[in-house]
Trainee: 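Below: one structure in structure tokens.
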Amino acid sequence: MRIRQVGAHALLLDCTAPADTPEAVADIREAASVEAWRAELWRRRERGDLIAVEIVPAARTVLLDGLPDPTTTAEQLTRWASVVTAATTSPNQADEDAQAQADNATTGNGADDAADVVVPVTFDGPDLPAVAEHWGVDVPAVRHRLTNTRFRVAFCGFAPGFPYLTGLPAELALPRLATPRPRVPAGSVALAGPYAGIYPGASPGGWQVVGRTDLVLFDVAAHPPARLGPGTTVRMAAA
């Protein structure tokens with residue numbers, strides 16, 4: 001983890017994995033590190049140990065904005081690093097944890113389902129057969145995997161309210177489309193790299209679309225506007 005000051009009242013935590021880390025493993029490791037920092041920083045802010053207006057996780061970074069004294073905060077982050085490191089598993093363990101999440105979803109074990117946001121999905125996406133082929137299974141097995149995985153929103157990006165969902169094992173990481181689509185409909189459920197995602201609005205996109213949902217993900221009149229914010233646990237259900 002590296003800390004950089006950004007402007008007069010912000011810090012950027014860089015959680016980028018070492019350059020020699022395989023891409024699929026790096027994505028998992030970075031997502032785990034970002035989530036661990038997000039959870040710790042939110043906890044510290046709620047306890048009053050940290051003063052920050054915004055804590056914004058991204059793919060490899062966490063931005064802290066609205067800091068009264070960035071130098072002092074940087075010193076705090078350095079002291080808290082050991083706690084966050086202990087909460088971040090190794091790449092192999094992360095894969096095992098992802099599989100355990102899927103198993104728990106099937107057996108009913110794990111955290112309380114009441115805390116999860118259930119996303120109804122119609123699995124009829126144009127890339128569903130290609131995903132099945134890449135995973136070496138049939139289409140029903142893809143649906144089974146996705147509906148029996150407990151996902152967590154690692155961060156939002158790309159478009160307002162677009163959630164990057166972790167939970168799939170690293171070996172199921174998927175390539176993006178060679179040629180992005182000029183328009184992906186709102187509500188499209190898609191996969192790319194180690195992530196699942198849901199398009200909150202129509203936009204260009206290169207993720208592999210496996211289904212669609214009618215759930216509204218972003219509403220400027222709502223509080224908060226994003227339905228699936230960082231840290232939210234998510235389950236997909238066949239519509």
Side-chain angles (χ1 to χ4, degrees), residues 1-98 101 151-170 173 176 192-197 200 218 223-226 228-234:
M1 187 271 294
R2 294 176 292 279
I3 305 171
R4 302 203 308 269
Q5 185 161 347
V6 183
H9 298 287
L11 293 173
L12 188 70
L13 280 67
D14 186 346
C15 303
T16 303
D20 59 351
T21 307
E23 183 177 357
V25 173
D27 285 341
I28 294 293
R29 179 179 293 180
E30 290 161 354
S33 181
V34 166
E35 169 57 21
W37 272 109
R38 180 208 62 77
E40 181 66 11
L41 294 172
W42 280 15
R43 184 178 72 85
R44 295 280 184 174
R45 184 168 63 176
E46 289 173 358
R47 282 177 37 177
D49 297 339
L50 172 68
I51 300 175
V53 175
E54 297 286 350
I55 300 172
V56 184
R60 300 177 178 87
T61 61
V62 181
L63 176 68
L64 287 80
D65 201 0
L67 305 174
D69 185 351
T71 300
T72 298
T73 302
E75 294 172 354
Q76 291 177 308
L77 297 177
T78 300
R79 293 197 300 271
W80 299 339
S82 59
V83 176
V84 175
T85 299
T88 306
T89 59
S90 67
N92 289 339
Q93 184 62 47
D95 294 346
E96 294 172 7
D97 289 347
Q101 289 175 347
F151 293 97
R152 181 179 295 275
V153 181
F155 59 95
C156 294
F158 170 65
F162 186 105
Y164 284 72
L165 305 172
T166 59
L168 291 172
R176 287 167 172 77
Y195 300 108
F218 190 79
H223 183 74
L228 302 179
T232 304
T233 52
V234 175

Trainee: Can you tell me if Arg152 uses its side chain to pair, donor with acceptor, with the backbone of Thr233 under 3.5 Å?
Mentor: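 The answer is no, because no donor-acceptor pair under 3.5 Å joins these two groups.
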Trainee: Is there side-chain contact between Glu30 and Pro194, with heavy atoms separated by less than 4.5 Å?
Mentor: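 Contact flag for Glu30/Pro194 side chains = no.
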Trainee: Among Ile51, Ile3, Leu67, which residue satisfies the side-chain contact (heavy atoms from CB on, under 4.5 Å) criterion with Thr73?
Mentor: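 Going through Ile51, Ile3, Leu67 one by one, the side-chain contact (heavy atoms from CB on, under 4.5 Å) with Thr73 is satisfied by Leu67 alone.
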Trainee: Can you say whether the rings of Tyr164 and Phe155 are parallel (under 30°), tilted (30 to 60°) or perpendicular (over 60°)?
Mentor: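 Parallel: the ring planes of Tyr164 and Phe155 meet at under 30°.
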Trainee: Between Arg4 and Asp14 (side chain of the first, backbone of the second, donor and acceptor by atom type, cut-off under 3.5 Å), is there such a pair?
Mentor: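 No; zero donor-acceptor contacts below 3.5 Å.
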Trainee: Can you find a pair of side-chain heavy atoms, one from Arg2 and one from Thr16, that are under 4.5 Å apart?
Mentor: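 Yes, at least one pair of side-chain atoms sits under 4.5 Å.
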Trainee: How close do Trp80 and Asp49 get, heavy atom to heavy atom, and via which atoms?
Mentor: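 That would be CH2-O, 3.9 Å.
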Trainee: Return yes if some donor-acceptor pair links the side-chain N/O of Gln5 with the main-chain N/O of Gly7 below 3.5 Å, else return no.
Mentor: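 Confirmed, Gln5 side chain pairs with Gly7 backbone.
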Trainee: When you compare the side chain of Glu35 with that of Thr166, does any pair of heavy atoms fall below 4.5 Å?
Mentor: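 A side-chain contact is absent here, since even the closest heavy-atom pair is not under 4.5 Å.
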Trainee: Which atoms form the tightest heavy-atom contact between Ala196 and Phe151, and what is the distance?
Mentor: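 Heavy atoms of Ala196 and Phe151 come nearest at CB-CE2, 3.9 Å.
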Trainee: Can you measure from CG (Leu50) to OG1 (Thr72) and round to the nearest 0.5 angstrom?
Mentor: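 These two atoms lie 11.5 Å from each other.
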Trainee: Determine the minimum heavy-atom distance between Leu13 and Met1, stating which atoms define it.
Mentor: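 That closest heavy-atom pairing would be CG-SD, 4.1 Å.
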Trainee: Does any non-hydrogen side-chain atom of Leu165 lie less than 4.5 Å from one of Val153?
Mentor: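 Touching, per the 4.5 Å side-chain cut-off.
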Trainee: Nearest heavy-atom pair of Leu11 and Pro70: which atoms, and what distance?
Mentor: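 Closest heavy-atom pair between Leu11 and Pro70: CD1-O, 3.5 Å.
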Trainee: To the closest 0.5 Å, what do you measure between NE2 (His9) and CD (Glu54)?
Mentor: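 Answer rounded to 0.5 Å: 14.5 Å.
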Trainee: For Val34 and Ala59, which heavy atoms make the closest approach, and how far apart are they?
Mentor: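 For Val34 and Ala59, the tightest heavy-atom pair comes out as CG2-O, 3.7 Å.
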Trainee: Would the number of heavy atoms belonging to other residues, nucleotides or ligands and lying under 6.0 Å from CZ of Arg43 be above 12?
Mentor: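 Count over threshold, so yes.
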Trainee: So, Thr232 side chain and Gly229 main chain: donor-acceptor pair closer than 3.5 Å or not?
Mentor: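 The answer is yes, because a donor-acceptor pair under 3.5 Å joins these two groups.
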Trainee: Are Leu41 and Leu77 close enough that some pair of their side-chain heavy atoms sits under 4.5 Å apart?
Mentor: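 Yes. Closest side-chain heavy atoms under 4.5 Å.
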Trainee: Where is the tightest heavy-atom contact between Phe162 and Gly157, given as atom of each residue plus distance?
Mentor: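 Nearest heavy atoms, Phe162 then Gly157: CB-O, 2.9 Å.
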